[in-house]
Amino acid sequence: MKIRNILMVASTLLLLVSCGNNSSQSETEQTPAPKANTLIGAGATFPYPLYSKMFDEYSKQEGVRVNYQSVGSGAGIKQLQNKIVDFGASDAPMSDEELKNSPAPIIHIPTALGAVVITYNLPDNPTLKFTPEVLSGVFLGEIKKWNDPKIAQLNPGVKLPATPISVIHRSDGSGTTFIFSDYLAKVSRGWETAVGRGKSLNWPTGLGAKGNEGVSGFIKQTPGSIGYVELAYAFQNKMPMATLQNQSGNFVAPTLTATSAAANTDDMPADLRVSITNTPAADGYPLCSFTYVLLYQKQAYNNRSPEQAKRVVDLIDWMLHDGQQFNEALEYGKLPERVEKKATDILKTVTYNNELLLK
Amino acid sequence: MNETLKLTDANWSKAISRKEKGFTITLWLVAISVIILVMAAFLTLLVQSIPSIKANGFSFIYGRMWNPITGEFGALPFLAGTLLTSFLALLIATPFSIAVALFLGEYYKKGMMSQLLKNMIDLLAAIPSVIYGFWGLFVLIPIVRKLQIALDIPPYGVGIFSASVILSIMIMPYAISLSRQVIQMMPSDLKEAAYALGATRFEVIRKVIFPHVLSGLFAGILLALGRALGETMAVTMLVGNTNALPDSIFAPGNTMASVIANEFTEATGAVYSAALVEIGLLLFVVVAIINLVGKRIIKHLAYT
C-alpha cells in the first residue's frame, strides 16, 4: 500500500510538471491569431480615452477593428517584445537598454501630447506662480510653509496662509510621475542628486495616493496640500492650476495650446525619442511629454501576413493625420506640424520583407 | 444456493472495496495538490526573486532605503508597516471580538437580536475591501484628522493608525465566528457544576469558560491576523504610502502588500521587478513563521 501511495504521488507530480511545461511552451510559440480586420494593441493608460475615440472612428471609416488594452506602459512594452500585440504604447520613450533587449528594432511614433499640472488646496484657490527653484524646493520639502517669502515674492497680492505644505504624490508607478520628476531633475541640481527621475521615486516628503483620482481626492480633502495630476484630469475636475515659469522666463499657464507649443522646437531628434520637459519654446508649457505608439520596423515577423502589417501602418498613419482632430476635444495636445511630418518620415521606414509599406 | 450467495457476497465486497479505493485515491490527489500548490507558489516566488537576492543580499531585510532609480532595495519600512498595522489592528479587534463572541456564544444563543447580530457580522466579512477603503477615506480620515489637530500632530489623516482601525473592523468577523463556536461548544456540565457551587456568571466566564476555550480563541485571532497581514486594497488607500519607517502610530507608512500592488505594473528592469517579488516572498515567510509560532502557542494552551 505504501509503495502504491508513493507511486501515486510521483505520477501526480509528473503529470503536473508536464502540464506546466506544455503550457509555457505554447505561450512562447503562440502567435496571435489575426482575425480578419482586427488589430491588437496594448500599453499606456494615459492616452486610453483618446485611443478609444480614435479607434471607434477608425472602425466606422475603414472597417478595421482595434482592440486596445490599457495595461500600463511597462506591460505594453513587454507584450510588444514578446510579439503578442501588433503595436505597443508608452508615455515615456523606451530606454536604450530596453531597445537593446528587444528582439528587433522598434520605432516610436508620437500620437499626442500630455501635460502635468501642479494643483493645490488653498483658501479661495488663487492661481499661483511657480519658478523651477520654488517648485523643486516645495517638493524636496525645503519650503515648508505656504507663506514662505520665496512663494510670497512670486505671488504678490495673494493671501497665503501660515499653514504647513503637505505634498501629495502618486503611490503607484506612473508616467505622470516620470514627466514630473524628469522636469525637476532638469531644472534643479538638488532634485537630480537627491531624487532623480523615474516612474516610482524615493520621495523626500509627502503622502502617496493611487492614481490621478487618488491624488486629487487627497488634495480636495487636505487644506494646504499640493500635488500633480494630468492636465486632462485637472480640466475635467476644474481644479486650481499653477502657472509655471519656462526656460525663456515666461510664466505659462497649462493649456492645450501651450502644450503643443512645447513640442514645436527646432532641435527634435530624428527618431523623436525625446523628453520635451523644460522646453526651449518661448510660449511652451514646461511640464509636457509625447505619448507614443511602438511597433517593429520590420513587420515580417511571427508569420504575419503582409495585409496585417499594412493594416497597422495604415492605422498609425491615420492617427498621425486624420486622427489628430480628436485630440483637443479630449484634452490632449495636438502634434505640431513639424512633428507630424517627422513622425510620418519615421513611419515610412517600416518594411515588410524589404518592401516599404507606406508610400 | 449456498455457493451463489457466497459469490454475490464476494462480488459485493469487491465492488465496495473498489469504490472505497476510488474515494481514497481522490482524497489523496486533492490533499497532495494542495501541498503542491503551496510549494509551487513558494518556489515561483523564490526563483523569480533570485536577481534581487543576488543584488541586495541580506540588506533587503534590514535596509531602510527603497529607491528604484538607484536600484537600492531595502524592505524594512514595508515589513515594519505590515507588522505594525496588523498587530495594532489585532489589539483593537481582540477585545471587541471576544466580547461579541461571549454575547453570542454564552448570553444570547438564540433569538431575534442574536440572529440579527450574526447576520451583520457575516455581512462585515462579505464587504469588498475597496468599500472599506472608501469608507475610511470619506468618514474615518476626517475624524482622525480632527483627532490629530486636537493632539497637535501633523493632520495627515491617513497613516498607520487609520489603516489599523479599518483593518480591525475587517478582521473582526473572522475572530468572532471561531470564538463564538468554541464558546458555544463548551460542555454545559462544567458550567453547571460551577453554578452549582455558587459561582456568579462573571466568575463562570472568567474561571471556567475562558481557561477551557483559550486555545480556540487564540486560533480565531490567528486566523484574523493572517487576513490582516495580506490585506492590500483598503490599506493602500489609507496608509499614506510613504516609504519610510513610521516614527509614531499616526505617521504615514507603507505595507508589503500595498507596495507590490502600487509598483508592480510599471516596474521595469530585472532587479526592480525581482525586488517586488522578493517582498512577496518575505510576506510569505512572515505569514508562515507567524502561523507556526501561533500553532505552537495553541498547542501549548490546549494542554494546560
Side-chain angles (χ1 to χ4, degrees), chain A residues 1 4-5 8-9 11-13 15-17 20 44-45 71-75 77-78 90-92 94-95 97-98 101 163-164 166-175 177-178 181 185 195-211 214 217-218 221-225, chain B residues 21 24-25 28-33 35-37 39-40 44 64-74 77 133-134 137-138 141-142 145 149 154-159 233 236-244 251-254 258-259 261-270 272-273 276:
Chain A
M1 189 64 197
R4 197 177 297 161
N5 286 346
M8 210 146 63
V9 174
S11 59
T12 326
L13 272 169
L15 200 78
L16 275 167
V17 168
T45 46
V71 287
S73 300
I77 290 171
K78 270 177 211 159
S90 174
D91 294 336
M94 288 171 73
S95 66
E97 200 199 329
E98 280 174 324
N101 290 337
T163 49
S166 329
V167 170
I168 315 283
H169 55 76
R170 290 281 289 268
S171 63
D172 48 332
S174 143
T177 302
F178 182 85
S181 59
V195 186
R197 45 170 74 85
K199 288 177 181 173
S200 294
L201 307 173
N202 180 32
W203 287 91
T205 178
L207 300 175
K210 200 164 157 51
F218 264 33
Q221 271 197 6
T222 320
S225 58
Chain B
K21 250 183 213 156
T24 317
I25 289 171
W28 259 93
L29 284 178
V30 173
I32 288 165
S33 62
I35 297 172
I36 290 174
L37 273 178
M39 295 307 285
T44 311
R64 294 174 175 208
M65 175 75 96
W66 180 266
N67 193 340
I69 299 171
T70 56
E72 199 179 331
F73 298 106
F134 269 126
L137 220 49
F138 293 123
I141 297 291
R145 197 173 282 136
I149 291 172
Y156 292 128
V158 292
M233 194 64 203
T236 301
M237 291 168 83
L238 301 172
V239 80
N241 299 299
T242 301
N243 301 352
N254 211 343
S258 101
V259 75
N262 269 319
E263 297 187 7
F264 198 73
T265 46
E266 291 287 344
T268 42
Y272 187 16
S273 339
L276 287 169

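Lettering follows sequence order; numbering is per chain, from 1. The figures here come from the full heavy-atom set of this structure, side chains too, leaving out hydrogens, waters and symmetry mates.
Side chain of B:T242 to backbone of A:G206: a donor-acceptor contact under 3.5 angstrom is found. When atom types are taken as modelled, the side chain of B:E266 and the backbone of A:S73 share a donor-acceptor pair closer than 3.5 angstrom.
The two residues A:Q221 and B:L137 have their closest heavy-atom pair at NE2-O, 2.9 Å. Closest of all the heavy-atom pairs between B:P68 and A:S200 is CG-O, 3.7 Å.
Proximity to chain B is limited to the side chain of A:E98, based on heavy atoms less than 4.5 angstrom apart. Contacts of B:A244 with chain A are absent, with no heavy-atom separation under 4.5 Å from either backbone or side chain. Proximity to chain B (any heavy atom under 4.5 Å) is restricted, for A:R197, to the backbone atoms N, CA, C and O. In this structure, no portion of B:A40 lies under 4.5 Å from any heavy atom of chain A. Proximity to chain A (any heavy atom under 4.5 Å) is shown, for B:F138, by both the backbone and the side chain. B:M237 touches chain A through its backbone: at least one of N, CA, C or O sits under 4.5 Å from a heavy atom, while the side chain does not.
The line from CD1 of B:I141 to CZ of A:F218 is 6.5 Å long, rounded to the nearest 0.5 Å.
The shortest distance between side-chain heavy atoms of B:Y156 and A:T222 does not fall below 4.5 Å. In this structure, B:I69 and A:N202 have side chains that are not in contact, with every pair of non-hydrogen atoms separated by 4.5 Å or more. You'll find the side chain of A:K210 reaches within 4.5 Å of the side chain of B:N262, heavy atoms only.
Counting non-hydrogen atoms of other residues, nucleotides and ligands closer than 6.0 Å to CZ of B:F73 gives a total above 12.
Counting heavy-atom pairs under 4.5 Å between each of A:S171, A:P223, A:G173, A:G224 and chain B puts A:S171 at the top.
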